[in-house]
K.L.:
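What follows is a structure written as structure tokens; I'll ask about it next.
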Protein chains: 2
Amino acid sequence: MGAAASRDDLVPALAEVFREHGFEGASLALIGARLGLGKGSLYHHFPGGKEEMAARVLEAIEAWFEAEMFRPLREDPDPARAVRAMLAASDAYFRSGRRVCLVGAFALGAVRDRFARRIDAYFAAWRDALADALTRAGAEPAASRDLAEDAVTAIQGALVTASALQDPELFGRTLRRLGARLEAAMKPAA
Amino acid sequence: MGAAASRDDLVPALAEVFREHGFEGASLALIGARLGLGKGSLYHHFPGGKEEMAARVLEAIEAWFEAEMFRPLREDPDPARAVRAMLAASDAYFRSGRRVCLVGAFALGAVRDRFARRIDAYFAAWRDALADALTRAGAEPAASRDLAEDAVTAIQGALVTASALQDPELFGRTLRRLGARLEAAMKPAA
DNA sequence: CCGGGCCTGTACCGATCGGTACAGAGATTC
DNA sequence: GAATCTCTGTACCGATCGGTACAGGCCCGG
């Protein structure tokens, strides 16, 4: 379908193709068709081929999360607000469960090893940034780490089951449950 | 490596290959090598090709979960015990987070649509059986449904993040947190 | 000893895979 | 206006894809 109008839209469009078809399933023919580019152009912009395309996509995703979620979690003077913003940003980014997490999908597949460092870094940064915010919001450090792990896990799981059951609302319900758990932990005292 | 000794070991061995490489990544050459069979034998046992292989694998998985987890959840006269047994069975089946859920991996990929009914049925049966057990254990029906959805989601998410972070212990920690939440709900009164 | 299943390996098929080579279009620069 | 540089489409490469055809090995009942 639609050609990518601008060059800067190339990576997001690539991300969408990888999200929908996975790394192995996204053939160069398919990518070219979706981006409106022939192989010549593809290899001009990404001399490293598919591997570089995927690497650039992972890079862009990590940069987006870092700027929009992880940094606020670490630096916002109001950590509770940053936590709530994270949940809202998750709902927006994953299109309320209609979109899949590319990094999570890569983690389950055979490509995991090829991009191990980036995949690991993405989840570790998310977990650590959230734990930091929870601690700053008054939770015990140990409890914060536990809860942060729980939160990232719940979001990933919700993307899996929402996709499996074709039930996008499941994602919203999970975020609500998760929000309640996070709020409870952030209250300075029970 | 090792050839599958008996014919009955074919499907479990197939499942392992699909788990490790995904549907698209599991080529017939790879499958043949892992099962110690040539294409002739492969197509003799599975005339429908890869599609039938995957279908038989999903069938076998669903049958195992039905017998070992879902039915006990629905029928065990001691539902609380069945819930605890489910957590233990999950830990065993997924090798404490070292193994991935094939159904979940399929759900995230492009193959989802091809096996939509089976994937949907697997997760729906799990959720509904667990909700049934929780209700029988004294929880409110609405809370049971919520908690059951939460549990299946948490387990799937833990498999994603454990694989991503190469941290199998994350799976056990998630099961412990989940167990605590389930136990709390099963107490007849707070 | 022999005929006929069941099961197997192998050669082969057209299609598609990721990747390369290259010639030319279009704009820009002097 | 000629040279240059960026970007593009297309033809082509060997390898591999899923799948088919088929001949023969094995083992059985007769």
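Convention: sequence-line order gives letters A, B, ...; per-chain numbering from 1. Just so we're clear, the structure is a prediction, and the values are computed from it rather than from any experiment. Hydrogens, waters and symmetry mates play no part in the numbers below; they use all other heavy atoms, side chains included.
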K.L.:
Considering heavy-atom distances to DNA chain C, does A:Gly25 or B:Leu42 have its closest nucleotide positioned more toward the 5' end?
P.N.:
B:Leu42
K.L.:
Could you check how far CG of A:Leu28 sits from C1' of C:dG18, rounded to whole Å?
P.N.:
5 Å
K.L.:
Check this for me: does any side-chain nitrogen of one of A:Arg74 and A:Glu66 sit under 4.0 Å from a carboxylate oxygen of the other?
P.N.:
yes
K.L.:
Treating A:Arg81 as the side-chain partner and A:Asp76 as the backbone partner, does any N or O pair qualify as donor plus acceptor under 3.5 Å?
P.N.:
no
K.L.:
Can you tell which of D:dC17, C:dT8, D:dC7 lies closest to the side chain of A:His44?
P.N.:
D:dC7
K.L.:
Could you state the CD-C1' distance from A:Glu24 to C:dT16, rounded to the nearest angstrom?
P.N.:
15 Å
K.L.:
Let me know the distance between CZ of A:Phe46 and C1' of D:dT8, rounded to the nearest Å.
P.N.:
15 Å
K.L.:
Choosing from D:dC12, D:dG9, D:dG18, which nucleotide comes nearest the side chain of A:Lys39?
P.N.:
D:dC12
K.L.:
Is the phosphate of D:dT8 approached by A:His45 (side-chain N or O, under 4.0 Å from OP1 or OP2)?
P.N.:
yes
K.L.:
How would you label the contact of B:Gly49 with the nucleic acid (heavy atoms, under 4.0 Å): base, sugar-phosphate, or nothing?
P.N.:
sugar-phosphate
K.L.:
Nearest to the side chain of B:Ser27, heavy atoms from C-beta on, is which of D:dT8, D:dC17, C:dC17?
P.N.:
D:dC17
K.L.:
Quick one: does any side-chain atom of A:Thr174 pair with a main-chain N or O of A:Leu170 as donor and acceptor, under 3.5 Å?
P.N.:
yes
K.L.:
D:dG9 C1' sits how many Å from A:Leu37 CG, rounded?
P.N.:
11 Å
K.L.:
When rounded to the nearest 0.5 angstrom, what is the spacing between CZ in A:Arg118 and CZ in A:Phe123?
P.N.:
15.0 Å
K.L.:
I need the CG-P distance between B:Leu30 and D:dC17, as an integer number of Å.
P.N.:
8 Å
K.L.:
Of all the choices, D:dG19, C:dT8, C:dG18, which nucleotide is nearest to the side chain of A:Tyr43 once you look at every atom?
P.N.:
C:dG18
K.L.:
Need to verify one output field. Residue with the more 5' nearest nucleotide on DNA chain C, A:Gly48 or B:Ser41?
P.N.:
B:Ser41
